[in-house]
*Asks:* 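Dumping the structure here so I can ask a few things about it.
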Amino acid sequence: MRTLRFSKIAMAAVLVSLAGAQAALAVTTRGSDRVREWDGVQVAPPDIQCTSSSTFDQMPGMALRFVLKQESRIVVQFQGQFGGTGSSADGRAVLRFTVDGATVGSAVAIGNDVGEGLETFGYNAFSTPLAPGGHVVRVLWHTFPVGATTCVEERSLIVLHR
């Protein structure tokens, strides 16, 4: 692996192989030649999941366990394709990210569900400092308005950490 020099620029690249979706690696270079490896990628199977729940439930396939070697903040990145068969034209997917049960980032993100059409949305959230040890990030969701159904197809969850 070749090390590149960047002064005061942080760069992260995430490589995800759809054939082997469990394996992933991201590399960052920050400051003077300090290379760090980041890991933690969850790619859900290519299935359609729907909810009509008006309260937060865990989104299927969107939980990721990771271990911190030192106190650190994390970056949670989620992307999902909303809509498709079974979705209500007026449905909205309301998303929340948690780490160990506590909300990460802002309270909610909204995915606009357009019924039979598909739209892709991506969200990032940044945590407060977390203690060393094992943690789990989850994507929770519900639909709005009450009575609507919202669906998600392809989706991914990436956790960047030291």
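As the structure is a computational prediction, the values presented were derived from the model and not from experiment.
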*Asks:* Can you confirm whether Arg155 sits close enough to Gln49 that some side-chain heavy atom of one is under 4.5 Å from a side-chain heavy atom of the other?
*Replies:*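 Arg155 reaches Gln49 side chain to side chain.
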*Asks:* Given side chain to side chain contact (heavy atoms under 4.5 Å, CB included), test Phe82 with Leu95 step by step and report yes or no.
*Replies:* CA-CA 12 Å; Phe82 293 90; Leu95 304 173; 4.0 Å; yes
*Asks:* So, do Trp141 and Val152 sit near enough that their side-chain heavy atoms are less than 4.5 Å apart?
*Replies:* yes
*Asks:* Once rounded to the nearest 0.5 Å, what's the spacing between atom CD of Glu154 and atom CD of Gln81?
*Replies:*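 That separation rounds to 5.0 Å.
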*Asks:* Going by the rule side chain to side chain contact (heavy atoms under 4.5 Å, CB included), which residues pair with Gln79 if we only count those two or more places apart in sequence or in a different chain?
*Replies:*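 Applying side chain to side chain contact (heavy atoms under 4.5 Å, CB included) to Gln79 gives Thr120, Ser156.
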*Asks:* Do Val136 and Leu130 belong to the same hydrophobic cluster, where Ile, Leu, Val, Met, Phe, Trp and Tyr are linked whenever their side-chain heavy atoms lie under 4.5 Å apart, directly or via other members?
*Replies:* no
*Asks:* I want to check something: taking the side chain as every heavy atom from C-beta on, are Phe78 and Met59 in contact at a cut-off of under 4.5 Å?
*Replies:*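 Contact flag for Phe78/Met59 side chains = yes.
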*Asks:* Within this structure, what is the CD1-SG distance for the pair Ile48 and Cys151, rounded to the nearest 0.5 Å?
*Replies:* 7.0 Å
*Asks:* Is the closest side-chain heavy-atom distance between Val137 and Val104 below 4.5 Å?
*Replies:* no
*Asks:* Applying side chain to side chain contact (heavy atoms under 4.5 Å, CB included), name anything that partners Ser72, two or more places apart in sequence or on another chain.
*Replies:*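 By the side chain to side chain contact (heavy atoms under 4.5 Å, CB included) rule, Ser72 matches Leu68, Arg162.
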*Asks:* For Gln58, give me all partners under side chain to side chain donor-acceptor pair (under 3.5 Å), at least two apart in sequence or on another chain.
*Replies:*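 Expected list: Arg138.
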*Asks:* Taking the side chain as everything from C-beta on, heavy atoms only, tell me whether Val99 gets closer than 4.5 Å to Phe66.
*Replies:*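 Yes, their side chains come closer than 4.5 Å.
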*Asks:* Could you work out, with side chain to side chain donor-acceptor pair (under 3.5 Å) as the rule, every residue matching His142, not counting sequence neighbours?
*Replies:*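 Expected list: none.
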*Asks:* State which residues pass side chain to side chain contact (heavy atoms under 4.5 Å, CB included) with Ala148; sequence neighbours excluded, sorted by chain then number.
*Replies:*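 Ala148: side chain to side chain contact (heavy atoms under 4.5 Å, CB included) contacts with Ser88, Asp90, Thr143, Pro145.
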*Asks:* About how many Å separate CZ of Arg73 and CG of Leu160, when rounded to the nearest 0.5 Å?
*Replies:*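 Rounded to the nearest 0.5 Å, the CG-CZ separation comes out at 14.5 Å.
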*Asks:* Looking at side-chain heavy atoms only, is the closest gap between Phe56 and Val94 below 4.5 Å?
*Replies:* yes
*Asks:* Where is the tightest heavy-atom contact between Leu118 and Gly83, given as atom of each residue plus distance?
*Replies:*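 Answer, listing the atom of Leu118 first, then Gly83: CD2-C, 3.5 Å.
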*Asks:* Hey, could you give me the CZ/OG distance between Arg92 and Ser87, rounded to the nearest 0.5 Å?
*Replies:* 11.5 Å
*Asks:* In chain order, what residues pass the side chain to side chain donor-acceptor pair (under 3.5 Å) check against Asn124, with sequence neighbours excluded?
*Replies:*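 Asn124 satisfies side chain to side chain donor-acceptor pair (under 3.5 Å) with no residue once adjacent residues are dropped.
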